[in-house]
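A short write-up of the structure that comes next.
All chains are named by letter (A, B, ...) in the order of the sequence lines, taking the proteins before the strands, and each is independently numbered beginning at 1.
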Amino acid sequence: MGSSGSKLEKALGDQFPEGERYFGLENFGNTCYCNSVLQALYFCVPFRDQLLDHASRTKVSGDADDNLLTCLSELFTQINSQKKKTGVIAPKRFIQRVKKQNELFRSYMHQDAHEFLNFLLNELVDILEREATASSKPTSGQVHPDKLANGTANGTANGNHHHSVVTWVHKIFQGTLTNETRCLRCETITARDETFLDLSLDIEQNSSITSCLRNFSSTETLNAEDKFFCDKCCSLQEAQKRMKIKSPPRILALHLKRFKYIEQLGRYKKLSYRVVFPLELKLCNTTDDAPGSEAEYSLFAVVVHVGSGPNHGHYVSLVKSHNHWLFFDDENVEIIDESVVQTFFGSTQEYSNNTDHGYILFYESLEQKH
Amino acid sequence: MAAPNSQSPSVRTHFKTPEGRYKLSHEKTHPTSLLHYSHGKTITQVTLAHLKDKPLQTPSTSSSSSSTGGVGARFSAARLLGTGNGSRGLVFGGGNGFSGRLTGGAKSTTVSTGGAGVSNGPLASSYDGEGTFLIFNVGDAIFVSDCNSQDKDPIKCLHFGNANPICHTYDPDAKDGHDLLIGLTSGDVYTASLRQQLQDPGKKLIGAMHYNKDGAINSSRCTSVAWVPHSDGLFVVSHADGNLYIYDKNKDGSGDVPFPPVKDLAQFSVAHARSSKSNPIARWHICQGSINEIAFSPNGMYLAAVGRDGYLRVFEYAKEQLTCGSKSYFGALLCCAWSPDGKYVLTGGEDDLVQVWSMEDQRVVAWGEGHNSWVSAVAFDPYWVAPPSGESGESVTYRFGSVGQDTQLLLWDLAMDEVVVPLRRLGGTLSGSPAFREPGAQSARWESVQPVGILHPAPVRKEVPKLAPIMAHRVHAEPLSSLIFTKESILTACHEGHVKIWDRPGVQGCSPARNSDSADVSSKEKLQPAKSGLSQFKQ
């Protein structure tokens with residue numbers, strides 16, 4: 001541990017960014033799903049800043065209401081305030097809290113990193129909303145414009161629909177999709193907005209993330225069993241539907257649906273498809289009038305699933321910090337060349353020695369930075 | 001009809017275009033037993049080489065070729081490699097001794113049926129005649145295949161050992177023997193005579209000049225190599241650290257006078273060698289991050305370079321000046337190619353787009369949308385003849401192709417009205433972009449601020465005219481890396497080192513064994529285009 005730390009310091013030399021800490025996270029028995037996501041979030045600078053800020057505020061006010069938010073902000077503060085530049089930290093209290101809060105993560109089974117990310121962000125939103133409503137007068141608090149009644153179609157957008165307060169988690173991760181349905185009889189377009197904290201994308205062999213996003217927003221025809229109830233026609237009608245991004249998020253989290261339920265097998269299977277993702281990205285599936293539709297995103301973290309099946313394996317993460325790429329594997333931290341990122345695209349063949357595949361991608365908007 | 005060498009059953013062996021059906025003629029590959037562990041790390045590139053007819057003469061002329069300029073230097077390099085005169089003996093032995101089994105030359109290609117063992121055995125042919133050869137890299141080796149033979153296996157394999165060859169090119173007009181140029185992952189560069197390699201039975205490069213030895217001048221990966229057109233032996237090598245070097249093959253490669261460090265990594269700068277003896281003779285620092293491909297305009301006046309930072313840069317080569325350029329929509333640019341008339345530059349990259357840059361208009365005039373992944377190679381079809389206009393009133397002026405990591409080959413037609421009319425219409429809306437030059441005072445002021453070289457920012461999506469491919473076909477099972485148009489065919493290659501040769505409509509396979517059969521089929525197809533069209537789009 002210590003040796004790997006000093007190796008990293010040696011590798012960076014005087015280029016070691018000031019005030020930055022690169023710490024591995026101890027694994028408490030299959031908690032790599034958690035560690036990999038935590039590292040990605042720690043290097044999501046606006047997210048980290050909020051948590052550090054939160055920690056300093058609660059310290060001042062003294063109310064240490066133990067919850068996931070306080071545990072996470074404590075962990076981030078602990079990393080951030082280390083005297084050493086590199087090393088290993090045991091996120092014990094945080095993991096305990098996660099296990100207490102959600103029985104899904106209580107076992108020592110292999111867990112899904114994306115489910116964990118979802119759980120964590122939603123949990124933080126809940127806590128922040130409760131705090132906001134408790135501290136402010138009953139009438140205040142920003143009312144979120146798009147309150148939604150319906151769930152998402154296909155469950156593809158992992159939105160959070162019941163909130164009424166815009167928390168900093170929303171400001172960082174939330175984007176808006178607009179779901180346009182055009183009745184083929186009366187041509188009326190019904191638009192329905194929904195928010196998301198990340199996007200789950202279907203993947204294809206030998207494709208790019210751009211192509212996955214395009215497919216996500218491709219036009220779908222609703223017919224036969226799956227007709228659309230048109231309010232104007234007052235009946236079920238054939239319709240065309242498409243989902244575009246109306247307001248792009250500041251941090252774009254893209255989840256590649258690598259674990260697919262195969263009906264014939266009666267179980268989930270891992271898709272090892274090669275899906276290339278560029279270090280810079282623009283969204284091709286925004287509405288024409290979307291603000292920031294030409295905004296450029298920059299990749300800063302990748303959660304990688306290692307292994308050939310969905311029920312076992314390992315998670316690691318790649319993180320870009322101050323123009324260096326780092327590889328986090330539980331306790332270990334290494335510096336890697338930018339060109340190594342492309343070894344995590346996936347495999348062109350089903351059975352391959354390479355089982356390290358990009359699973360969750362984190363892009364940061366370059367436009368909203370300043 | 002089963003294709004002779006179909007590597008994957010799901011890949012169809014023909015595709016249809018307005019001018020007719022392209023059909024898989026044959027494939028070239030490498031023996032899997034030779035696969036190196038590093039195989040996955042290299043990407044196969046393909047170079048096409050036409051050896052011109054050279055009648056069998058006395059050994060001395062056939063080896064040292066006509067020019068005298070580079071001979072001394074070459075042999076000194078050969079001695080350095082430890083092959084020197086010994087190899088000379090081998091060359092002649094190869095040239096004369098092994099001419100028995102196959103007779104070289106394109107017209108009289110014979111089919112070798114066995115095809116299992118490669119390159120190790122005695123070379124079958126005398127390579128003093130003319131011929132067309134495919135040069136491609138896999139792992140630590142360069143393979144050479146006879147393009148006109150149906151044989152799947154290469155006729156020659158050159159191993160490089162420590163570093164992998166990853167880029168190469170061939171100069172058909174080379175005056176002395178050195179026509180083959182190879183760049184390695186270690187930064188090392190070699191020039192050699194292709195004919196000499198073919199005449200030698202060994203598995204090592206012989207009679208070669210070695211430059212940037214062990215990366216003495218630049219140890220980053222070579223990314224692209226090019227002969228300077230009409231220059232009598234100058235060549236350019238680009239590297240992964242954003243530098244490119246100009247070498248003179250007529251000079252000894254040993255002069256390793258270091259260049260001063262690049263002052264500003266973000267700026268274009270040129271440094272000349274301090275001594276007239278040293279080689280390379282100049283270094284151009286082009287950009288931060290890798291240069292991914294370079295290409296000279298056909299007349300040699302301009303050099304285009306694309307790279308990691310997403311910019312296409314066009315330089316006036318002789319003046320060492322940045323002339324123009326523009327940025328990808330997003331992400332790195334991976335490839336570039338000139339139109340035969342030098343008016344357009346194609347680029348392809350990580351935005352899944354093929355961009356058409358007009359030298360005349362100094363802007364991106366079209367976006368080709370159709371790939372589902374990164375675009376890895378682009379090329380104009382120089383043999384394309386536009387169909388007579390009038391029928392549809394649309395005059396097609398250019399045909400180009402692109403291959404991508406989505407395993408697809410796409411063909412595109414660039415029509416004049418598509419390019420010109422939308423631009424005129426869009427002129428007004430383009431004014432928001434600093435790229436757009438408006439007449440009048442504004443333009444004058446703007447030009448006074450900008451230096452001669454101008455790089456345009458990424459175009460706005462709505463403002464660029466879009467092109468759709470006329471044909472999209474999945475040609476390999478693996479991501480593609482190379483695309484070449486020849487008179488008779490289209491050549492595609494994938495990352496893993498398989499090359500496919502697709503005959504143009506009306507071209508018959510060159511194999512005598514298949515000729516009778518395939519001639520039959522192709523004539524039938526011509527009679528029933530509708531039917532073949534149906535089967536094409538089924539699935």
Best-contacting candidate, A:E338, A:Q342, A:Q349, against chain B by heavy atom pairs under 4.5 angstrom: A:E338

message: Does A:E187 have more than 12 heavy atoms from other residues, nucleotides or ligands lying within 6.0 Å of its CD?
response: yes

- request: Enter the distance from A:F277:CZ to B:W374:CH2 here, rounded to the nearest 0.5 Å.
  value: 8.0 Å

- prompt: For the candidates A:L279, A:N215, A:T343, which exhibits the highest count of non-hydrogen atom pairs separated by less than 4.5 Å from chain B?
  reply: A:L279

query: Does CG belonging to B:D264 count more than 12 external heavy atoms closer than 6.0 Å?
result: yes

Minimum heavy-atom distance between A:E280 and B:G331, given as atom pair plus value: OE1-CA, 3.7 Å

query: B:N372 and A:S211: which non-hydrogen atoms are nearest, and at how many Å?
result: O-CB, 3.1 Å

- line: One should read off an interatomic distance between A:T210 OG1 and B:E350 CD, to the nearest 0.5 angstrom, of 9.5 Å

task: List the steps and the verdict of side-chain contact (heavy atoms from CB on, under 4.5 Å) for B:S373 and A:N206.
output: CA-CA 7 Å; B:S373 187; A:N206 290 318; 6.0 Å; no

message: For the interface with chain A, which of B:Q408, B:Q405, B:R461 has the highest count of heavy-atom pairs at distances below 4.5 Å?
response: B:R461

- prompt: Side chains of B:K462 and A:E294: closer than 4.5 Å at any heavy-atom pair?
  reply: no

query: Do the side chains of A:C284 and B:Y329 get nearer than 4.5 Å, heavy atoms only?
result: no

statement: Counting heavy-atom pairs under 4.5 Å with chain B, the top scorer among A:D288, A:N354, A:V276 is A:V276

query: What's the spacing between B:E369 CD and A:R214 CZ if we round to 0.5 Å?
result: 7.0 Å

- prompt: Less than 4.5 Å apart, any side-chain heavy atom of B:D406 and any of A:E204?
  reply: no

